[in-house]
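Here's the structure we're looking at; comments come further down.
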Protein chains: 2
Amino acid sequence: MPPASDLTAHTGYWLRMVSNAVSQDFARKVADEGVTVAEWSFMRALYDADAMAPSALAEKMGMTKGAISKLADRLLGKGLITRADNPGDKRAHTLSLTGAGRSKVPILAALADKNDAEYFGILPTEEREMLHRLLRTLADRRGLKTIPVD
Amino acid sequence: MPPASDLTAHTGYWLRMVSNAVSQDFARKVADEGVTVAEWSFMRALYDADAMAPSALAEKMGMTKGAISKLADRLLGKGLITRADNPGDKRAHTLSLTGAGRSKVPILAALADKNDAEYFGILPTEEREMLHRLLRTLADRRGLKTIPVD
DNA sequence: TATTGTTATACTCTATAACTATA
DNA sequence: TATAGTTATAGAGTATAACAATA
């Protein structure tokens, strides 16, 4: 039998295992608030800007325009965002948080804080900061910048 | 506007960003060999055992029986595994790699090696080992053990 | 009755591309 | 023609549950 390297020899294997666990736990937390992780990222992006064009959100989140439209439809249905015409360019739209959506963001942000503390709080401060720094270094070197969604 | 903690303050944010990038690059590599990451994990698990029951694979991969059935159907269609009846228990089946499937595993394993080197090779050895160790610590403390699929 | 496995249904995310309206 | 956005379609993953066959 030809050698096939042990899966667990790969750093990527452990990275995915831990990342999936953290994300799945976070997904369960925000599901209790009625949103998905993608919807949370979407709302968080809108929170800092009064209004954004779908194309700007697509760029920021590394998603296609089609994916943004579908996500926006769901958030519209939940009453968390509004869609408005752009007076200057009749092709363009702008998306904004509703009052309900805006007041939900800090609640979701608190869940993100809690999730981070649960997972990484078990490490000594020094190691936790080391991990954070190493991950940021890898993201920087690779030029990663879009908000991770899944 | 109530405060909403900065996304980038969360270690989980960077973990997910780096993990997604590593996984997506790996997905592209194995796609050139005609398989998905889930299919690769499935084949890698079968490589160490001559034959496995779908239920055993479900347990090992943290997937439901239904998901395993669907995955097995696709791998059967690609001629990479076979499904056989179990003589001892007529309800049970066993899944095994075909010759084609078995010879593809080392090729895919080499792609995993390459992907890991591309992503983590930019770190000094000491930091790379530190990252690996921190991730394993987190996985251990959380009792994580199923093969990450997505 | 409980268990093994398959099948059905539904939802999320992703990607591509066709399409509408406007520039 | 090009651009902004929506809509359609399809594939992959996940979860729940209904189902058939066997124990």
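Below, chain A is the first sequence line, B the second, and so on; all start at residue 1.
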Q.
Measuring from the side chain of B/H93 (C-beta onward, heavy atoms only), which nucleotide among D/dT6, D/dG13, C/dT6 has the closest atom?
A. C/dT6

Q: Enumerate the residues from residues 53-67 of chain B whose closest heavy atom to DNA chain C is under 4.0 Å, giving them by residue number; use none for an empty result.
A: B/A53, B/P54, B/S55, B/K65, B/G66

Q. Does D/dT6 have OP1 or OP2 sitting under 4.0 Å from an N or O in the side chain of A/R83?
A. yes

**Q.** B/R74 CZ - C/dT6 P separation (whole Å)
**A.** 15 Å

Q.
By nearest heavy atom, map B/K70 and A/G88 onto DNA chain C; which one lands nearer the 5' end?
A. B/K70

Q) From B/K29 NZ over to B/D25 CG, what is the distance, rounded to the nearest 0.5 angstrom? A) 4.5 Å

Q) Over how many whole Å does the gap from B/Q24 atom CD to D/dG11 atom P extend? A) 20 Å

Q. How far does CG of A/L76 sit from CD1 of A/I81, to the nearest 0.5 angstrom?
A. 4.0 Å

Q. Atom CD of A/E39 and atom P of C/dT12: how far apart are they, to the nearest Å?
A. 7 Å

Q: Report the distance from atom CG of B/L76 to atom C1' of C/dT7, rounded to the nearest whole Å.
A: 15 Å

**Q.** Selection from D/dG13, C/dG5, C/dT4 that lies nearest to any side-chain heavy atom of B/R91
**A.** C/dT4

Q.
Please determine whether the number of non-hydrogen atoms from other residues, nucleotides or ligands lying under 6.0 Å from atom CG of B/D140 exceeds 12.
A. yes

(Q) How many whole angstroms separate atom CZ of B/F42 from atom P of D/dG13? (A) 12 Å

Q: Applying side-chain contact (heavy atoms from CB on, under 4.5 Å), run through B/W14 and A/L131 and close with a yes or a no.
A: CA-CA 10 Å; B/W14 297 101; A/L131 176 62; over 6 Å; no

Q) Under 4.0 angstrom, heavy atoms only, what part of the nucleic acid is A/D73 near: base, sugar-phosphate, or nothing? A) sugar-phosphate

**Q.** Whole-Å gap separating P (C/dT6) and CG (B/N86)
**A.** 12 Å

Q) For the side chain to side chain donor-acceptor pair (under 3.5 Å) test, which of B/R44, B/K104, B/R74 pairs with B/E39? A) B/R74

(Q) Between P on D/dG5 and CG on A/D85, what's the gap in Å once rounded to a whole number? (A) 11 Å

**Q.** Separation of atom CG in A/L95 from atom C1' in D/dG5, rounded to whole Å
**A.** 10 Å

Q | Lys/Arg-Asp/Glu bridge criterion (N-O < 4.0 Å) met for B/K70, B/D73 | A | no

Q.
Quick check on B/E118: does its CD atom have over 12 non-hydrogen neighbours (other residues, nucleotides or ligands) under 6.0 Å away?
A. yes

Q. Toward the 5' end of DNA chain D, which comes first, A/D89 or B/T36, by nearest nucleotide?
A. A/D89

